[in-house]
Amino acid sequence: MRLLIVLVMFLGLLPNAFSQDLATMGQQKPFALSGSLDVRGIAYSADGIPARRSPFMYMISGSPTISIYGISIPLSFVYSEQERNFRQPFNQFGMSPAYKWITVHAGYRNVSFSPYTLAGYTMLGGGFELNPGKLRIGFMYGRLNRATTVDTTTGTIQPYSFSRFGYAGKVGYGTEDTHFDLSFLKAKDDEASLKVGNLDQSTVRPAENLVIGADTKVTFAKKLFIFADGAISVYTRDFQSKLALSSEVTGTDIFNKVNKFITINGTSEYYIAYSGGIGYKEKDFSLKVAYKHVDPNFQSMGAYFFQSDIENITISPSFNALKGKLRFLGSLGIQNDNTQKQKQATTKRVIGMANLSWDLTTAFGLDANYTNFSSNSEPTVTKVQNKYLLAQTNQNISVSPRLIIPAEKHTQVFLLSYNYSNLSDVNAETQAANNINTTVAMLNYNLTFNKSGLSLMAGGNYTTNVLTTGTITNKGATLGASKGFLKNQLQFSTSNSYIISTLPQGSSTILNLGVNTSYQPLRNHRLSLRVNYLNNKPSDDAKGGQPKFSETTGELGYTLSF
């Protein structure tokens with residue numbers, strides 16, 4: 001609620017303007033159809049190991065768009081014989097027809113109203129978004145989860161959940177640069193969707209959630225901007241619980257205000273999340289300072305994941321120099337958890353990154369990246385054993401020089417990439433088991449003959465991981481080629497690799513051969529064929545009884561564009 005009050009104050013800063021442009025439908029084409037249809041069949045065989053997939057499968061997918069008098073109706077669908085192997089359906093259909101400022105959603109859709117309410121969660125249902133002028137309105141209703149239960153085909157007990165239904169809405173005013181939005185989400189499990197067992201004896205309980213959020217951004221003179229967003233989430237973990245809410249529980253006033261919209265009992269909790277900051281943006285320079293706070297266990301039924309129990313402040317500069325040849329993007333901040341002082345120790349982190357791209361000449365350039373994340377735990381109780389305190393540094397550095405040599409007959413490209421990452425545990429009692437060093441180096445060469453279009457590729461790679469349990473090393477080479485024929489109607493490519501892998505259990509060689517070809521006999525029709533062969537051969541002294549095996553995969557496809 002702290003941030004929401006501040007957000008409301010920004011509403012008075014928004015300019016008053018409203019406009020809309022409605023074209024006559026008579027000026028539009030009566031009917032138009034565009035998109036693509038893809039049909040694929042995949043065959044698979046294995047020798048030496050049990051098959052890791054079915055010997056044959058098919059997949060039909062498409063993304064057609066229907067336009068009726070200027071109203072666009074984008075559709076999407078995927079159909080596969082593997083549907084029978086999924087508890088949650090793999091086959092999903094949905095559409096979002098749009099006309100001017102009106103968009104209607106139906107079927108499986110991923111809609112976002114705010115980071116904390118409805119944030120791209122897949123919903124089976126319907127809704128709309130209206131954006132006449134600067135008005136921003138949205139609403140969605142549907143199923144968020146389908147119930148899963150005991151797998152009766154195998155007799156095994158699988159984790160199960162209830163069907164979950166909900167609705168979400170948004171109302172706001174402004175543009176992407178200057179706006180104020182309010183949003184909400186209300187979702188609830190359907191206890192009647194439990195098909196097997198007794199609900200009273202179930203360890204999975206039906207839950208209910210109400211989230212109210214706000215988001216604002218104000219831009220001054222097209223350069224200086226202020227932004228903020230926040231939400232409060234009331235979560236009842238078991239709305240059938242008979243446990244009453246104690247009057248001594250923190251936030252009783254909040255529960256009393258929302259008890260008309262959500263079940264409140266002894267399993268109810270509320271969480272707050274908010275962030276905000278200020279920024280400045282020029283053509284070749286920008287600077288942003290941001291603050292973020294998320295309560296422990298913050299969650300919303302309209303979002304998949306939250307990094308909760310964090311508080312951080314960051315500063316992020318960026319600039320372009322030397323007429324755009326030198327580009328830099330960086331960030332530096334401090335982050336800590338234990339925001340409610342509920343843990344035995346507080347972990348503080350230094351979070352920093354820098355990304356540099358420099359075109360030294362027209363032919364030679366360099367890309368570099370560096371990140372550093374340091375963590376350190378400080379006790380908040382009288383005494384905590386050192387082995388339970390986190391103290392470590394995670395660093396990553398990558399450098400990628402590139403050289404492009406164009407010529408009249410051919411073009412050469414050299415790319416070298418080096419990456420080193422290190423996890424150093426500075427806690428003397430735990431560092432022996434936690435230190436990790438990883439090195440990855442690659443050198444790739446590409447030669448393209450400009451007239452014929454023939455492209456040849458060669459490369460080498462080296463990877464090593466140093467762990468407490470031993471060192472893992474992979475080194476190998478790759479060869480490839482691509483060429484177009486018949487005025488590029490027929491495309492051919494091949495990619496092949498040979499890797500020597502060394503593990504503490506022994507070494508092995510991995511051979512991977514692949515061929516791809518496609519043929520486009522007519523403008524909107526394309527046939528494709530892919531064949532891949534994998535052979536894994538462990539050494540004679542390999543431990544653990546690693547088997548020698550091979551796998552072959554073939555894929556035949558047809559794509560229709562219209």
For [Y], does its backbone N or O pair with a side-chain atom of [X] as donor and acceptor, under 3.5 Å?
X: S233; Y: Q299; answer: yes
X: D295; Y: I272; answer: yes
X: N110; Y: G120; answer: yes

To the nearest 0.5 Å, tell me how far [X] [atom1] sits from [Y] [atom2].
X: S80; Y: M59; atom1: OG; atom2: CE; answer: 4.5 Å
X: N297; Y: Q340; atom1: CG; atom2: CD; answer: 10.0 Å
X: Y235; Y: S268; atom1: OH; atom2: OG; answer: 11.5 Å
X: Y79; Y: I60; atom1: OH; atom2: CD1; answer: 7.5 Å
X: M123; Y: F165; atom1: CE; atom2: CZ; answer: 10.5 Å
X: R136; Y: F113; atom1: CZ; atom2: CZ; answer: 11.5 Å

Looking at [Y], is [X] sitting on its ring face, NZ or CZ under 6.0 Å from the six-membered ring centre and within 45 degrees of the normal?
X: K281; Y: F225; answer: no
X: R164; Y: F162; answer: no
X: K186; Y: F261; answer: no

State, without any angle test, whether [X] and [Y] hold a side-chain donor-acceptor pair at a distance under 3.5 Å.
X: T236; Y: N265; result: no
X: S96; Y: T103; result: no
X: S357; Y: R327; result: yes
X: R143; Y: S163; result: no
X: D177; Y: H179; result: no

Could you check whether any side-chain heavy atom of [X] comes within less than 4.5 Å of a side-chain heavy atom of [Y], counting everything from C-beta outward?
X: S308; Y: P296; result: no
X: Y99; Y: V104; result: no
X: L356; Y: L326; result: yes
X: V350; Y: N372; result: no
X: L224; Y: V218; result: no
X: R205; Y: Q240; result: yes
X: F128; Y: I137; result: yes
X: F319; Y: D284; result: no

Quick one: closest heavy-atom pair of [X] and [Y], and the distance?
X: N320; Y: G324; result: CB-CA, 4.5 Å
X: G213; Y: T117; result: N-CG2, 3.9 Å
X: N338; Y: Q342; result: OD1-N, 2.8 Å
X: P64; Y: F562; result: CB-CZ, 3.9 Å
X: L185; Y: G302; result: CD2-N, 3.3 Å
X: V234; Y: N209; result: O-ND2, 2.9 Å

**Request:** For the pair F180 and L182, evaluate side chain to side chain contact (heavy atoms under 4.5 Å, CB included) and give the outcome as yes or no after the intermediate values.
**Result:** CA-CA 7 Å; F180 180 84; L182 291 172; 3.7 Å; yes

**Message:** Can you confirm whether I334 is buried at CD1, in the sense that more than 12 heavy atoms of other residues, nucleotides or ligands lie under 6.0 Å from that atom?
**Reply:** no

**Complete:** Exactly one of F184, Y121, Y271, F298 clears ring pair (Phe, Tyr, Trp, His ring centres under 6.0 Å) with Y116, and that residue is F298

**Message:** Is there a side chain to side chain contact (heavy atoms under 4.5 Å, CB included) between L37 and F77? Walk through the geometry before answering.
**Reply:** CA-CA 10 Å; L37 174 68; F77 65 89; 3.7 Å; yes

**Request:** Take F227 and D215, measure what side chain to side chain contact (heavy atoms under 4.5 Å, CB included) needs, and give me the verdict at the end.
**Result:** CA-CA 8 Å; F227 60 95; D215 167 74; over 6 Å; no

**Item:** Derivation and outcome, side chain to side chain contact (heavy atoms under 4.5 Å, CB included), residues K292 and Q307
**Value:** CA-CA 11 Å; K292 184 175 184 178; Q307 185 182 7; 6.0 Å; no

